[in-house]
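These numbers come from a predicted model, not from an experiment. The figures that follow rest on heavy atoms only: side chains count, while hydrogens, waters and symmetry mates do not. Proteins get letters first, then strands, A, B, ... in listed order; numbering begins at 1 in each.
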Amino acid sequence: MSTPAAPQPTVTLPRAGGEREVVIRTADLWKIYQMGSEQVAALRGISIEIRRNEYVAIMGPSGSGKSTLMNLIGCLDSPTRGQYWLGGQLVSEMDDDELARIRNQEIGFVFQTFNLLPRATALHNVELPLIYAGVPPQERSARALEALRQVDLGERVNHKPNELSGGQRQRVAIARALVNRPSIILADEPTGNLDSTTSNEIMRLLEVLWERGNTIVLVTHEHDIAEYAHRVIHIRDGKVAGDAQTARGKAREAGAARG
Amino acid sequence: MHLAEAIGIALETLRSHKLRSFLTLLGVIISVCTLVAVVSLVEGVNGYVGEKIAGLGSNTFSVNRYSLDEMTDASKFMEAQKRNKPIRLEEYRFLLDTAHLPQAIAASVGRNSATVKVGARSLEDVHLSGQTANSIGMAAYKIAQGRFLLPSDEQHRTDAVFIGNDLLQHLFGDGPALGQTVYIDGRPFQVVGVASALGNVFGQSQDNFAIIPLGTYQKIYGDQDSLDLQVQARSAALLPATMDEIEMLMRTERHLGYADKDNFGLIGSDALMNLWHALTGAIAAVMVGVSFVFLVVGGIVIMNIMLAAVTERTREIGTRKALGARRSDILRQFLIESAVISTVGGLAGVLVAWLFTLAAGALTPIPFSLPITAVIAAVAISSLVGLFFGIYPASKAAKLEPIVALRAEV
């Protein structure tokens, strides 16, 4: 089917039947904490797969282990048992410095509390991952500027966080997550500190990023936020309690099949 | 890589908490200021004294009853008092007759307690000395009016007197003095010459003197006091050889055996300088020690403030780690920050010291200078202190677990 070039963002739709590569694969992931003399298992054997350009929400009540799982997926922590491959690399066996490199190159974090450096400009905040990647200054600011334009903040590059609204701050954080062209964007309750209007704005932005080909992993406890994703993995008592497509996911698959 | 960033953060932190920064840096400021000021003071005074001592002439030395060692050490002095004999006129004549290397040998003997009167005006505690005519060649002063003593004054033991500028001012009120009669301890003398003004050294006037012929002096005050001999070598290069010759001749004259120690002293201007340096060196060492104590205190305060900064910015550290900062990146950032803070303190200390030397230079005759080496050393030391006392806080920051740091309540 050949359609004339339309003034719309390129949408990479999955080809029916054609399986995309696996970005995240965990095999029997355990995390056990030592609490005094007692051992508490936060994760009890999690095995999941997430493919490139998926939009997945991880849901679960507090204490379910979803935060622990997010920390492991984000390479902020190491599992007690089990394996974790990210983009084909076995990260569960890596040391601190290698994990830092993986976080720098493969993962874009979006936090509930934004976590911007208060005294630095938006541009400098976005440049930070590039600084640690050793990107030379000129290329660094060019790429940071480009990332800020992608989140519609091209006009506010020299503002400091306290000169920006909550939604704008989160968009700076999203630009920072994008700037290193990571394998996954890991958003931990990205709308937890925002009002509903701004929340919708941010969720639409994530959707746009997904359409541009990014892989998004969203951690949330809110159903209506999780509904933005195409697939929801439910975690309960440290185990996968459910893994299903959302209404959007089904619609998208149906659309893809028809296409 | 992120050197500029770390320096920027450090300066920003200092700017945003001005009072806290000042209090933090007080220790470093005081210590660096002390250090630089002491070095500047010692250098200034050394230069001043060196200039004054060099006025004695770099190719002259003196032969005295006691050596410098004996004069500055009480127990050696007690011992030397029994052993060393006064230097006699005959010994002076012997040296004049036998020594080949000296250009000239002058002799003098003096006391500090003469009273000089002209009419109703009188001046007490004048330094009166009997000198040979050739001593003018080795003196610091110049002839302002008239002449110095002549060999004939020496031969005939005349009543000629050569006076210092203080006597001219006090006794003659700047009026004509040549040919006038002054009474020294009640005896009349004729003024033949006046010296140019020398000014003060450490507040002590150098112009309060009267000089009469050596023979005249000994006739009045006796010949029991030891002479001081001034020996002028033909050149600075010949000074050591000249000193050796005089020492050898003095030992011969006094019949000293091979193993006997000198029972007289030879004092060159370098020996005086060495004594002076030993003295100021001791003062400087104490002050440098004190300033290092300040520096350690300053370093500990910086360590404390850096520990507070690590706690305050735990979330920032977590964020940086999540974005890919390695332990070494965080370590370096906080080390640089600590070093920069401390260096700023060092620079402030140098500034205060500089103001101090300006003030001291304006209020005293001593030419204070701020040696650039001291400034560089002070700044280098202060940044090293920052680095050293930053190690613990920085390694604490570097070791933070990312998940713990990210979840920190601030």
Next on the checklist: Take a 6.0 Å sphere around CG of Asp28(A) and say whether it holds more than 12 heavy atoms from other residues, nucleotides or ligands.
Outcome noted: yes
Item to check | From Arg103(A) atom CZ to Lys321(B) atom NZ, the distance as rounded to the nearest 0.5 Å | outcome: 7.5 Å
Checklist entry - Around atom CD of Glu38(A), are there more than 12 heavy atoms of other residues, nucleotides or ligands at under 6.0 Å? => result no
Checklist entry - Are any of the side-chain heavy atoms of Leu117(A) and Arg313(B) separated by less than 4.5 Å? => result no
Item to check | Atom CH2 of Trp354(B) with >12 non-hydrogen neighbours under 6.0 angstrom | outcome: no
Checklist entry - For the residue pair Asp97(A) and Arg327(B), what are the closest heavy atoms and their distance? => result OD1-N, 4.0 Å
Next on the checklist: Rounded at 0.5 Å granularity, tell me how far CG in Leu128(A) sits from CD in Glu316(B).
Outcome noted: 8.5 Å
Checklist outcome for this item: Comparing Pro136(A), Ala100(A), Pro137(A) against chain B, the one with the most heavy-atom pairs below 4.5 Å turns out to be Ala100(A)
Next on the checklist: Just verifying a value: how many Å separate Ile403(B) CD1 and Cys75(A) SG, rounded to the nearest 0.5 Å?
Outcome noted: 12.0 Å
Next on the checklist: Walk me through whether Tyr132(A) and Arg326(B) qualify under side-chain hydrogen bond (donor to acceptor under 3.5 Å, both in side chains).
Outcome noted: CA-CA 8 Å; Tyr132(A) 292 121; Arg326(B) 286 158 301 182; over 6 Å; no
Checklist entry - Does CD in Gln138(A) sit with more than 12 non-hydrogen atoms of other residues, nucleotides or ligands closer than 6.0 Å? => result no
Next on the checklist: Below 4.5 Å, heavy-atom pairs only: which of Pro129(A), Ala177(A), Ser67(A) has the largest tally toward chain B?
Outcome noted: Pro129(A)
Next on the checklist: Set out, in order, the CA-CA distance, both residues' side-chain angles and the distance that settles side chain to side chain contact (heavy atoms under 4.5 Å, CB included) for Glu401(B) and Asp77(A), then state yes or no.
Outcome noted: CA-CA 8 Å; Glu401(B) 292 292 336; Asp77(A) 205 355; 5.7 Å; no
Checklist outcome for this item: Ranked by heavy-atom pairs below 4.5 Å to chain A, first place among Pro402(B), Ser328(B), Ala325(B) goes to Ala325(B)
Next on the checklist: If you count heavy atoms of other groups shown closer than 6.0 angstrom to CZ of Arg119(A), is the number above 12?
Outcome noted: yes
Checklist entry - Do other residues, nucleotides or ligands put more than 12 heavy atoms under 6.0 Å from the CZ atom of Arg236(A)? => result no
Next on the checklist: As an exercise, state the distance from CZ of Phe109(A) to CG of Leu323(B), rounded to the nearest 0.5 Å.
Outcome noted: 8.0 Å
Checklist entry - What part of Asn115(A) is in contact with chain B, defined as an atom under 4.5 angstrom from a non-hydrogen atom: side chain, backbone, both or neither? => result both
Checklist entry - Relative to chain B, which segment of Leu76(A) carries a heavy atom at a distance below 4.5 Å: side chain, backbone, both, or neither? => result both
